[in-house]
Amino acid sequence: MRVAFLGLGHMGAPMARNLAAAGHAVVGFDVSAAARESSAAAGLPVVNTAKEAVAAASVVLTMFQTGRQVIDAYEGGLLAAAPAGALFIDCSTISVEDARTAHGLAKAAGHRSLDAPVSGGVVGAENATLAFMVGGSEDDFAAAEPLLSATGRRVVHCGGAGLGQAAKVCNNMILAASQIVVAEAFVLGERLGLSHQALFDVASNASGQCWALTTNCPVPGPVPTSPANRDYQPGFAGALMAKDLGLAADAIAETGVDARVGLLARDLYRAFADGPGAGQDFSGIISMIRSGSDDPGGRG
Ligand code: NAD
């Protein structure tokens, strides 16, 4: 398969390299000259225009930041420049609504399409251990699976158009809410005189057990590999969690679901990302909870 890989940023560059290393004919493009240069320096064949990249592609993979960028690129010539019947796979994290719009545009232009957002972060992209959540038809999923497997460890077909993004948004809403409440429990324990280790030993073996506690533990000590042990260097940055919760809030508004905890998590992560948390791991929200607890009346 000849693959055009567009969006050679933090995630896209290592994904494109892994695809090429797995033996696929990959050609890369990014609107940023710096991104093109650094991928070229790493050995990836890179071209200077999107049209050149997709001209002979059977698969067009995009890894941009936003839904707007995906839709603008699709409408701005990408779909028109690709051979008929090309398989468009968008791996960006975007709203369910934008993903469905992108599917509609691709279909109307005579192409096939999948939404395939990932989890696993830059480390997962570099080590080819990403998890892909895929939305689209069975046939298109079957065609894409060998390719996605070259850059990931788990590839799950979640259903029709947009349902990969739906799975990503739902998972990250669970993650955000559980990370917040784990942090609140540690701060509450501190105020009650309970040691971090004692709370960890109990909760990690009891019904409070969850990934936010046992892998991404927000206090240093109990889980030596968690970001709390390295000044909350990400990991998964607070700004990205705030972005994903914004997409969850869009989906909540559209569907009318009574998801008050999810919306509160969005508000808290927005405040965290607007402050020092933008570049910190999202477990660093414990510092905001601690300082809010020092001055409960001063909560924003
Ligand atoms: P990034 O900003 O590093 O990379 C995006 C790249 O897309 C940029 O280099 C940009 O120049 C390029 N781009 C934008 N429009 C383009 C166009 N029309 N044509 C070609 N290139 C274009 O972002 P990232 O960290 O790689 O994240 C990409 C996506 O993956 C985002 O949607 C993000 O939410 C999601 N994601 C990121 C992480 C992470 O840890 N970074 C984890 C999971 C999911």
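Throughout, residue positions are numbered sequentially from 1 according to the sequence presented. Both counts, for ligands and for their atoms, begin at 1 and track the order of listing. Since the structure is predicted, the reported quantities are computational estimates derived from the model, not experimental observations.
The contact shell of ligand 1, taken as protein residues with any non-hydrogen atom closer than 4.0 angstrom, comprises G7, G9, H10, M11, F29, D30, V31, S32, M63, F64, Q65, Q69, A73, S92, T93, V118, G121, V122, K168, L240, K243.
Applying the ring pair (Phe, Tyr, Trp, His ring centres under 6.0 Å) test to residues at least two apart or on different chains, the pairs with a partner in residues 211-241 are F236-F282. Within the structure, the salt bridge (Lys or Arg N to Asp or Glu O under 4.0 Å) test picks out the following pairs touching residues 99-127 (sequence neighbours left out): R112-D140.
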- prompt: Could you go step by step and tell me if D90 and S92 meet the side-chain hydrogen bond (donor to acceptor under 3.5 Å, both in side chains) rule?
  reply: CA-CA 6 Å; D90 178 43; S92 326; 2.7 Å; yes
task: Give the intermediate values and the outcome of side-chain hydrogen bond (donor to acceptor under 3.5 Å, both in side chains) for residues T101 and D98.
output: CA-CA 5 Å; T101 300; D98 283 348; 4.9 Å; no
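For the side chain to side chain contact (heavy atoms under 4.5 Å, CB included) test with L87, the passing option among L147, V60, L114 is L114; the others fail.
Residue V202 belongs to no hydrophobic cluster, having no ILVMFWY side-chain heavy atom closer than 4.5 Å to its own.
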